[in-house]
2 protein chains.
Amino acid sequence: MAERVVEEVSNKQVILRDYLSGFPKESDFEFKTSKIRLSVAQGRIIDPRNFDGKLMKRLIKPIIGYGVARVIDSGHPNFKKGDLVWGMTGWEEYSLITEPETFFKIEHTDVPLSYYTGILGMPGMTAYAGFYEVGSPKEGEYVFVSSAFGAVGQLVGQFAKLKNCYVVGSAGSKEKFTSISVANFKFPDHDFCCFKHVLFYLCFPDGIDIYFENVGGKMLDAVLLNMRLHGRIPGCGMISQYNLEETEGVHNLFCLITKRVRMEGFLVFDYYPMYPKYLDMVLPLIREGKITYVEDIAEGLENAPKALIRLFSGHNIGKQVVLVARE
Amino acid sequence: MAERVVEEVSNKQVILRDYLSGFPKESDFEFKTSKIRLSVAQGRIIDPRNFDGKLMKRLIKPIIGYGVARVIDSGHPNFKKGDLVWGMTGWEEYSLITEPETFFKIEHTDVPLSYYTGILGMPGMTAYAGFYEVGSPKEGEYVFVSSAFGAVGQLVGQFAKLKNCYVVGSAGSKEKFTSISVANFKFPDHDFCCFKHVLFYLCFPDGIDIYFENVGGKMLDAVLLNMRLHGRIPGCGMISQYNLEETEGVHNLFCLITKRVRMEGFLVFDYYPMYPKYLDMVLPLIREGKITYVEDIAEGLENAPKALIRLFSGHNIGKQVVLVARE
């Protein structure tokens, strides 16, 4: 039996120095270069989104996040050398994947590979599941999206427009609105606006049918007062509340009763079996230019910590991506 | 054409002196005796539950609430003299009903008439709609009911037992549990307990599938931490928050997301078309003694304010009813 020669290369990694409290800062991260025997991924684009310092059990491991990678070597029958995949990888140049069944093979490469960390990956499926499955939208309804220029929110807004809904989004800064307009964002100006504090009585004189919840806290409280009868609130995230020592209290939940509102949290993992159906819907829309996706790309693994910090300070515009290596 | 002689009688009424802030007290009420030409109801049992001082537009009118009444005179084709009905009446001896289409005719009189303010009326339909329609219970699930000895809660608990669920209820005082046990309450002791502060980790080591929400505020916050994956919270009421100048903030809503919980408010009015179906289910259960209903009856309209005040202080045991006149 011929012995296989396995190449060993150096592998740059991003590691947390310690458990975090509060928002991350650059000094919380360190870079390490270790050795790895090539057995899985190379040339990856990593995604700093899926990150929770508190959940990291072993700080000696790199941070994890969604990434796109090419298979270098595989013992799994579904993956072979050269395949492109997306799934949970480490913040590093090469990763050894121990749960390959959680990965999706990339079949369509006529679209940017980075899309598989966004519109064609977890955030895309999140928007799809949350809006269509949890939100149960009807034609012409009034839809409000918070974090509307983020990885998920920008898609929810566009899905809602495609459903002939009236859509208003909010974002952390006026900048985002301007930059995204410049980037040929496809929301018609007349009904897509951006505010630090949304003026609901101006935007929704008749109230809100669907609130796609990304923010939580005070925003949720304000929205509750403006919901319509039988409204729905798909609960996707509450980014304003993460990393707070104590979360803000929500005071207006009684509106759920008087207005018969359904508030339902969801996690994308439950909906991954619908991924092929989602691709069938969204790929033609991308190719025909009927949907666009704005990315904020940081080049180089060494810029990953900064990219993550931008996310929490609200400075990213669109989906935050870190380009680790080009094809 | 023979002229009809209409009898005019004196009519005792309970009226609010002024708009309320905070919890009601006896000095907020006054009794008035007016004259009424007999055209609708006599011998009614009124229900102080549906009461909100803030919503009363004209304080010269008596307080309104659900009541059982006998028709004295009627111009409506569906109601004739002598019919028994239930619906929204005034806190008074005789009421002129201007929206008779909102009333239900009482067809079954082998059960106590007061039941039509409770198990066979609005609270019964509320428990039915909230538990079965909004809660979507499955056999053997873990159910928690707050205000478990109130007009609605005591039924939810029994419906859940009939569905082979494990049920725990909470109530405002240990007294209630004792009194209701004495009253031959049908919950088996081993899994129905009562606490001022429920110890969830003891009662629900595996978490809660359905929380029937009657209380809100801190109770809801504690429950959220103990919900199971894909749990449901039918939002029926939040009595701990009524009459507070500022409501308590709820901090643990992020649990809705991580646990994919559906919290859905409902109002019984949307479900009244199901009333005949509900009667078909519940009347046999009452007749066979498979379900019981505990009432706390105050005699005399002059005791109605006290009865209402007891409701907010948590001193009522079971459905609070005021007996205005016997048949």
Side-chain angles (χ1 to χ4, degrees), chain A residues 52 54-55 126 129-130 133-136 152 211-221 223-225 227-271, chain B residues 52 54-55 126 129-130 133-136 152 211-221 223-225 227-271:
Chain A
D52 184 340
K54 290 167 192 160
L55 292 180
T126 301
E133 296 298 311
V134 187
S136 313
V152 175
Y211 168 46
F212 195 97
E213 164 69 306
N214 282 315
V215 164
K218 290 189 176 69
M219 177 68 92
L220 175 58
D221 239 352
V223 169
L224 283 166
L225 295 173
M227 289 300 291
R228 300 185 88 193
L229 289 192
H230 303 289
R232 287 131 276 151
I233 304 180
C236 175
M238 296 187 172
I239 200 166
S240 74
Q241 304 301 294
Y242 307 157
N243 306 70
L244 293 183
E245 285 291 324
E246 192 186 1
T247 60
E248 290 167 2
V250 173
H251 293 265
N252 298 324
L253 287 169
F254 192 63
C255 296
L256 295 182
I257 298 179
T258 52
K259 298 174 183 177
R260 297 85 134 174
V261 170
R262 187 180 81 219
M263 182 167 178
E264 187 169 356
F266 70 98
L267 289 181
V268 65
F269 316 111
D270 295 335
Y271 297 90
Chain B
D52 184 340
K54 290 167 193 160
L55 292 180
T126 302
E133 297 296 313
V134 186
S136 313
V152 175
Y211 168 45
F212 195 97
E213 163 69 306
N214 282 316
V215 163
K218 290 189 176 69
M219 177 68 91
L220 175 58
D221 239 352
V223 170
L224 283 166
L225 295 173
M227 290 299 293
R228 301 185 88 193
L229 289 191
H230 304 289
R232 287 130 275 150
I233 304 180
C236 175
M238 295 186 172
I239 199 165
S240 73
Q241 304 301 294
Y242 308 157
N243 308 67
L244 292 183
E245 287 291 324
E246 193 187 0
T247 61
E248 291 167 2
V250 173
H251 293 266
N252 298 325
L253 288 170
F254 191 63
C255 295
L256 295 182
I257 299 178
T258 50
K259 297 173 182 177
R260 295 86 133 175
V261 170
R262 187 180 80 218
M263 182 168 178
E264 186 170 355
F266 70 98
L267 289 181
V268 66
F269 316 111
D270 296 336
Y271 297 90

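These numbers come from the heavy atoms of this one structure, side chains and all, not from hydrogens, waters or symmetry mates. Just so it is clear: chains get the letters A, B, ... in the order the sequence lines come, proteins before strands, and each one is counted from 1.
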Could you give the distance from CG (B:Asp221) to OG1 (A:Thr247), rounded to the nearest 0.5 Å?
7.5 Å
Taking every non-hydrogen atom, the tightest pair across B:Leu253 and A:Leu220
CD1-CD2, 3.7 Å
In Å, rounded to the nearest 0.5 Å, how long is the span from CZ of A:Arg260 to OH of B:Tyr271?
9.0 Å
With a 4.5 Å cut-off on heavy-atom pairs, point out which of B:Glu248, B:His251, B:Glu246, B:Glu264 contacts chain A the most.
B:His251
For residues 230-240 of chain A, which residue pairs pass the side chain to side chain donor-acceptor pair (under 3.5 Å) check, not counting sequence neighbours?
A:Glu141-A:Arg232
Looking at B:Gly217, B:Pro234, B:Gly216, B:Gly235, which makes the most heavy-atom pairs under 4.5 Å with chain A?
B:Gly235
For B:Val250, is it the side chain, the backbone, both or neither that has a heavy atom under 4.5 Å from a heavy atom of chain A?
both
Taking A:Leu267, A:Leu256, A:Val134 one by one, which has the highest count of heavy-atom pairs under 4.5 Å against chain B?
A:Leu267
